[in-house]
Number of protein chains: 2
Amino acid sequence: MNILFWLKEPEKHFPPHQELKHFRDGVCVQYIGEKSGLSQSTISQYLSMMQKAGLVILTRHGKWTYYKRDEKLIKKYIAHLKSHL
Amino acid sequence: MNILFWLKEPEKHFPPHQELKHFRDGVCVQYIGEKSGLSQSTISQYLSMMQKAGLVILTRHGKWTYYKRDEKLIKKYIAHLKSHL
DNA sequence: TCTACATTTCGGTAATTATCAAAATGTTAT
DNA sequence: ATAACATTTTGATAATTACCGAAATGTAGA
């Protein structure tokens with residue numbers, strides 16, 4: 001949940017990327033890991049699970065992997081909760 | 001989640017109570033337990049946790065304990081998810 | 001192709017969670 | 001006050017989860 005929240009407004013929660021301006025493809029794993037306080041391997045696993053689940057979109061640029069929100073499923077999930085909770 | 005969903009429309013998911021008409025105060029622990037397939041003690045614990053969390057309202061009538069949804073917190077929770085997810 | 005660095009995968013362990021059966025407690029009617 | 005039944009509490013265990021460090025893999029540039 002925190003990760004999704006942070007990724008809503010990357011510029012508020014992460015240092016700017018030099019390579020890729022304006023967080024076009026989201027935030028790199030390193031930054032998300034630092035912010036979360038979890039180990040690199042753990043955050044990598046989390047993100048990859050979230051990606052498989054369809055919550056985030058992965059874009060690779062060179063050595064870096066960027067993640068951004070996949071709004072479609074997130075919306076769907078909230079709608080589901082709204083009708084089933 | 002299932003419990004909250006069932007309690008949305010008790011008449012659709014539970015047999016009618018004789019004592020208390022129209023599910024005024026919700027559904028008794030026994031029925032919820034049967035529906036869930038969990039043991040009596042487990043369901044009792046769940047419901048009591050949910051009550052402490054503010055998701056359901058407990059009403060005792062004689063030997064029976066009835067639970068119904070507490071819409072206030074449920075709404076609040078969905079709103080929270082909507083803005084933080 | 002070798003080095004440096006980013007990320008992922010693997011294998012393990014500690015902590016947490018789900019669940020139950022048995023014992024305890026509440027409640028009503030006799 | 002006691003029997004009968006509903007519910008809660010307790011104590012336990014199996015299953016799952018969170019998390020890490022180390023090894024493996026991917027990638028760009030010298």
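It should be emphasised that the depicted structure is a prediction, and the values quoted were computed from it without experimental measurement. Order of the sequence lines sets the chain letters (A, B, ...), proteins ahead of strands, with each chain counted from 1.
Each of B:Tyr67 and B:Ile57 belongs to its own hydrophobic cluster when Ile, Leu, Val, Met, Phe, Trp and Tyr are linked at side-chain heavy-atom distances under 4.5 angstrom. One hydrophobic cluster holds both B:Leu73 and B:Ile3 under the rule that ILVMFWY side chains link at heavy-atom gaps under 4.5 Å.
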Please assess B:Ile32 against B:Leu7 for the test side-chain contact (heavy atoms from CB on, under 4.5 Å), listing each intermediate value before the final yes or no.
CA-CA 9 Å; B:Ile32 303 175; B:Leu7 289 179; 4.3 Å; yes

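Listed by residue number, the members of residues 35-48 of chain A with any heavy atom below 4.0 angstrom from DNA chain D are A:Leu38, A:Ser39, A:Ser41, A:Thr42, A:Gln45, A:Tyr46.
Taking a 6.0 Å sphere around NZ of B:Lys82, one finds it holds 12 or fewer heavy atoms contributed by other residues, nucleotides or ligands.
Taking 4.5 Å as the limit, some side-chain heavy atom of A:Leu4 sits within range of a side-chain heavy atom of A:Arg69.
To the nearest 0.5 Å, atoms NE2 (A:His13) and CZ (A:Phe5) are separated by 5.0 Å. We find the CG-CD1 distance between B:Leu85 and A:Ile78 to be 5.0 Å, quoted to the nearest 0.5 Å.
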Whether each nucleotide of nucleotides 24-30 of chain D has a protein heavy atom under 4.0 Å at its base (B), only at its sugar-phosphate (S) or at neither (-) is summarised, 5' to 3', as ---SS--

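Side chain of A:Arg60 to backbone of A:Tyr66: no donor-acceptor contact under 3.5 angstrom is found.
Side chain to side chain, A:Thr42 and A:Ser39 meet the donor-acceptor criterion of an N or O pair below 3.5 Å.
Where DNA chain C meets chain A (any atom under 4.0 Å from a heavy atom), the bounding nucleotides read 5' to 3' are C:dC5 to C:dC10.
Minimum interatomic distance between B:Pro15 and B:Tyr31 (heavy atoms only, all atoms of both residues): O-CE1, 3.4 Å.
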